[in-house]
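Remember, predicted model here, so these are calculated numbers, not experimental data.
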Amino acid sequence: MHKGVHQEGGCLCGAVRFKVQTAPLRTLVCHCTFCQKMTGSSFYAESMFPADAVEFSGIPMGQYAHRSDGSGKQVYLHFCSNCASTVSLTFERFPDIRAISRGAFDDPNWVGLDAHIWTRSAQDGGVLPANVDCFRLARMKQDGSAEVPERFEVPRMVSR
């Protein structure tokens with residue numbers, strides 16, 4: 001569903017801008033409690049790129065470090081120091097990867113969603129789509145082996 005390789009985006013106020021020249025490695029919807037708190041919403045959608053495939057311009061971003069409950073490693077939020085929009089995440093566990101907030105792209109629909117992760121934490125009333133990989137936890141275990149996804153024939157509403 002890629003609508004072109006060169007894409008741009010930025011924060012809410014426009015003080016931070018970025019460009020990507022490659023398609024993302026994958027785009028995930030994360031339902032973990034960290035992403036819920038970070039966004040103040042039900043989930044976070046992120047497109048993952050090789051770290052050197054993203055170019056930033058504008059004002060320097062602020063950074064906040066959070067220790068992941070799952071890996072025990074740091075997750076770094078990179079946000080506009082002016083409007084506080086979370087533009088990007090980087091990961092101690094995956095130093096060569098940079099996540100870009102899907103909503104920060106000028107055209108957030110330029111790429112499709114590949115999977116939903118941490119669905120065990122999804123909020124009531126949320127909907128997990130049909131025919132998309134849904135992982136109760138992360139896509140991979142701490143040892144690097146793959147988790148087994150769930151797939152639903154019809155959309156499934158989250159209810160506890």
Practice item. Check the pair T119 / H31 against side-chain contact (heavy atoms from CB on, under 4.5 Å), numbers first and verdict last. Key: CA-CA 6 Å; T119 61; H31 298 269; 4.2 Å; yes
Exercise for review: Decide, yes or no, whether a salt bridge links R17 with D106 under the criterion of side-chain N to carboxylate O below 4.0 Å.
Suggested key: yes
Review point. Atom NE2 in H116, atom SG in C134: separation rounded to 0.5 Å?
Key: 5.5 Å
Review point. Given the rule in the side-chain contact (heavy atoms from CB on, under 4.5 Å) test, do R98 and H78 qualify, once you have shown the distances and angles that lead to the verdict?
Key: CA-CA 10 Å; R98 179 174 287 272; H78 304 274; 3.7 Å; yes
Exercise for review: I would like to know whether I100 and F105 meet side-chain contact (heavy atoms from CB on, under 4.5 Å); could you show each step before the answer?
Suggested key: CA-CA 8 Å; I100 297 293; F105 282 101; 3.6 Å; yes
Review point. Quick check: are there more than 12 heavy atoms from other residues, nucleotides or ligands sitting under 6.0 Å from CZ of F79?
Key: yes
Practice item. Show your reasoning for whether side-chain contact (heavy atoms from CB on, under 4.5 Å) applies to Q7 and V111. Key: CA-CA 10 Å; Q7 294 292 324; V111 65; over 6 Å; no
Review point. Could you give the distance from CZ (F94) to CE (M140), rounded to the nearest 0.5 Å?
Key: 4.5 Å
Exercise for review: Drop me the distance from L28's CG to R102's CZ, to the nearest 0.5 angstrom.
Suggested key: 11.0 Å
Distance-only check: which donor-acceptor pairs under 3.5 Å involve side-chain atoms of residues 45-56, not counting sequence neighbours?
from	atom 1	to	atom 2	distance (Å)
S47	OG	T27	OG1	2.8

Check your understanding: Taking only residues two or more places apart in sequence or in another chain, which ones pass ring-ring contact (aromatic ring centres under 6.0 Å, His included) with F135?
Key -> none
Point to revise | Check: V127 and R156 side chains under 4.5 Å, non-hydrogen atoms | key: no
Practice item. Mind listing the closest non-hydrogen atom pair of S101 and Y44 along with its distance? Key: OG-OH, 2.7 Å
Check your understanding: Are V16 and L77 connected, step by step, through hydrophobic side chains (Ile, Leu, Val, Met, Phe, Trp, Tyr) whose heavy atoms are closer than 4.5 Å?
Key -> no
**Study point:** ILVMFWY cluster membership beyond L128 - transitive side-chain contacts under 4.5 angstrom
**Key:** F152, V158
